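This report concerns only the one structure given below.
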Amino acid sequence: MSVLDDFDVVIGLEIHAELKTRTKVFCSCKNEFGDEPNTNTCPVCTGMPGALPVLNKHAVELAIKAGLSFGCAISPYSVFERKNYFYPDLAKAYQISQLVYPLNVGGQIVLDSGKVVRLNRIHLEEDAGKLTHIGRGVGTLVDYNRGGTPLIEMVTEPDISSADEAVEFLKKVRETLVFEDIANCKMEEGGMRCDVNLSLKRKGSNEFGTRTEMKNLNSFKSVQRAIQFEAERQAEVLSAGGAVVQETRKWDDDRGESFSMRSKEQAQDYRYFPDPDLLPIKITPQDVERIRGTMVMVPSERRKRYVEEFGLPEYDAQILTSSKYISDYFENCVKNFNSPKKISNWIMVDLMKLVKGQEEFVFPIDEKSLASIIKMVEEKVINKTVGLQLLDKCIETGKDPQVLAKEMNLLVTISDEQILELLRKLKIENAKVAQDYSNSPEKVVGFIVGYVMKNTGGKANSTRVRELISQVF
Ligand code: ADP
Ligand code: MG
Ligand code: ZN
């Protein structure tokens, strides 16, 4: 029994993600987290009178990429509007956003259960500055570095029914945005944050209940907890015969509860109107196709291909698609040597070890060289231990592995043809061996291998000799 038994939970999310541009969306200030406060600012992003915005094309392209990733329709015509409110983090006293004509319309994300969560829109806007409250009666610090950072806001339809679904949805959003290099979504830096709108519906009823909104949740954990808390709180209110008040609530992660910030009556009237300083964005079908051409496949599609086409275990596919970099690296190796599982093993075990603990890494060897080493091991020209030595040496010197292997005298210089030659010679010279082999091969294999080793000065690869015997005898 739970207070929630009589109700269905109804959730709609609004997600903000900071776009990975070099500069801000309406000026040329650096878009960089963690710099000295108020150093990445200019008259435009600090709202000086007369300063005029200029639209960052890259921000528009990234926002369109997000739209294409989630199946939105890209608007041929979209409009920036001013959202007016007065608050210290907003130097201009209005935020440039989109309302009536957003850049991306519709779209959807499918959860693992097969459930479809519809998107209402993904629009482009700017972030506000950051306030740091240093204590009651002491004051508040403001940093405008973040002001004017490009943001996308994704708004879902109220299709989400549980905390688990909300978190799965957010993870899918983050995965795609990171993979396509649209946003880095570092939640701990505020790079991705989420507002949760939540109401309850009596089981069997078609009528939506009154919703509340919890703003700026910045971890999956707090989304999970905030939803659980708020659903139970509303259920208790309704079960006791009360009514849910439409309001904005603030989630307090330390106390594990939310409290009212402002009710609908105190809600702001933002007095939106089209920004006269910015032209509408016009996007042609050619623009859309050009941008689509720069996109990579969504990770889930790559994973599917790795499992179905390359025969990799789900676990490998998961790790190899954890970033676009690793995934591209893996695919380039496979292009050089078509042995996906072996390559996967080397990457997951031997290469990952070399970059352990690094957040944004580059493997210290190029794909072609790694593939070449793996090929030598798989073709038994060298064994795995020697292969790993070769890998180290390759990283150290940057030389071609084939050249290095020769220099280091690692190569077994006896070719298959030379081995076969010796085997044929033995068969002719020693009829008894051939006879014995056809009766019980296991009894003479040792002898045959010994013969080849003796006649090659021990330079033949004994495993390879064993494999080749049956071709002659
Ligand atoms: P607003 O403009 O007041 O923010 P919207 O209609 O744009 O309202 O909705 C904002 C978010 O609230 C959307 O994600 C939407 O899915 C969600 N939402 C709307 N109605 C409900 C409801 N009854 N219960 C839960 N979420 C809702
Ligand atoms: Mg809203
Ligand atoms: Zn600026």
Side-chain angles (χ1 to χ4, degrees), residues 9-18 83-90 93-99 102 117 119-133 140 142-143 146-147 149-160 163 165-167 169-170 173-174 177 183 185-200 209-234 237 244-270 272:
V9 181
V10 177
I11 297 167
L13 300 177
E14 294 164 89
I15 299 155
H16 287 94
E18 289 178 347
K83 180 181 181 179
N84 298 279
Y85 65 96
F86 188 67
Y87 207 65
D89 64 2
L90 196 67
Y94 62 85
Q95 177 194 26
I96 302 176
S97 181
Q98 297 188 306
L99 182 70
V117 176
L119 296 178
N120 174 281
R121 60 198 284 154
I122 304 177
H123 70 247
L124 181 58
E125 60 182 32
E126 61 177 334
D127 209 346
K130 190 169 169 44
L131 298 179
T132 307
H133 303 289
T140 298
V142 62
D143 175 8
R146 198 178 70 179
T149 296
L151 285 181
I152 44 170
E153 177 172 342
M154 302 178 61
V155 182
T156 77
E157 298 297 344
D159 291 344
I160 296 168
E165 281 186 5
V167 170
F169 180 89
L170 289 170
V173 168
R174 185 179 66 169
L177 294 181
C185 295
K186 288 186 184 155
M187 297 182 84
E188 66 286 1
E189 294 179 1
M192 173 171 161
R193 32 206 219 257
C194 170
D195 304 342
V196 174
N197 297 273
L198 187 149
S199 67
L200 297 183
T210 304
R211 73 174 199 259
T212 61
E213 180 171 7
M214 285 173 291
K215 283 202 173 292
N216 281 328
L217 298 165
N218 62 0
S219 73
F220 295 136
K221 190 99 191 250
S222 51
V223 168
Q224 181 94 34
R225 293 172 71 209
I227 288 174
Q228 195 61 36
F229 176 87
E230 181 59 12
E232 283 172 13
R233 189 191 68 84
Q234 289 188 15
V237 170
V244 172
V245 181
Q246 181 163 354
E247 61 187 357
T248 304
R249 298 179 67 86
K250 188 169 168 49
W251 170 253
D252 184 327
D253 217 22
D254 297 329
R255 287 162 53 184
E257 58 188 36
S258 62
F259 53 89
S260 176
M261 274 169 76
R262 55 171 187 256
S263 70
K264 189 70 180 173
E265 289 74 53
Q266 303 156 296
Q268 320 240 3
D269 176 358
Y270 294 117
Y272 277 97

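These figures come from a predicted structure and were not determined experimentally.
For the pairing with Leu151, the side-chain contact (heavy atoms from CB on, under 4.5 Å) check across His123, Arg193, Arg146 returns one residue only, Arg193.
The two residues Phe220 and Val167 make their nearest non-hydrogen contact at O-CG2, 3.8 Å. Heavy-atom minimum distance, Asn197 versus Glu14: ND2-OE2, 2.8 Å. Contact detail for Arg121 and Pro102: the closest heavy-atom pair is NH2-CB, 3.5 Å. Met214 approaches Ile227 most closely through the heavy-atom pair CE-N, 4.5 Å. The two atoms that bring Arg174 and Cys185 nearest to each other are CG-CB, 3.4 Å, heavy atoms only. For Val142 against Asp89, the heavy-atom pair with the smallest separation is CG2-CA, 4.4 Å.
Scored by the side-chain contact (heavy atoms from CB on, under 4.5 Å) test, Arg225 finds Lys221, Trp251, Asp253 as partners (sequence neighbours excluded). Residues passing the salt bridge (charged side-chain N to carboxylate O under 4.0 Å, His left out) test with Asp159, sequence neighbours excluded: Arg118. With sequence neighbours excluded, no residue forms a ring-ring contact (aromatic ring centres under 6.0 Å, His included) with Tyr94.
For the residue pair Glu230/Gln234, the side-chain donor-acceptor check at 3.5 Å is satisfied. Using modelled atom types and a 3.5 Å distance limit, the side chains of Ser260 and Glu247 yield a donor-acceptor pair.
Crowding of Phe86 atom CZ: a count of heavy atoms from other residues, nucleotides or ligands under 6.0 Å not exceeding 12. The neighbour count for Tyr87 OH, taken as heavy atoms of other residues, nucleotides or ligands under 6.0 Å away, does not exceed 12.
You'll find the side chain of Leu217 stays beyond 4.5 Å of the side chain of Asp195, heavy atoms only. In this structure, Lys215 and Lys250 have side chains that are not in contact, with every pair of non-hydrogen atoms separated by 4.5 Å or more. Side-chain atoms of Arg233 and Thr212, non-hydrogen and from C-beta on, do get closer than 4.5 Å to each other. Looking at Lys83 and Leu99, their side chains never come closer than 4.5 Å, going by heavy atoms from C-beta outward.
Aromatic ring pairs are classed by plane angle as parallel below 30°, tilted from 30° to 60° and perpendicular above 60°; the pair Tyr272 and Tyr270 is perpendicular.
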* To do: Just do the side chain to side chain contact (heavy atoms under 4.5 Å, CB included) check on His16 and Asp127 with the steps written out, would you?
  => CA-CA 9 Å; His16 287 94; Asp127 209 346; over 6 Å; no
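No donor-acceptor pair under 3.5 Å is formed between the side chain of Gln246 and the backbone N or O of Thr210. In this structure, Gln95 contributes its side chain and Glu126 its backbone to a donor-acceptor pair below 3.5 Å.
Between the CG atom of Leu198 and the CZ atom of Phe229 there is a distance of 12.0 Å, given to the nearest 0.5 Å.
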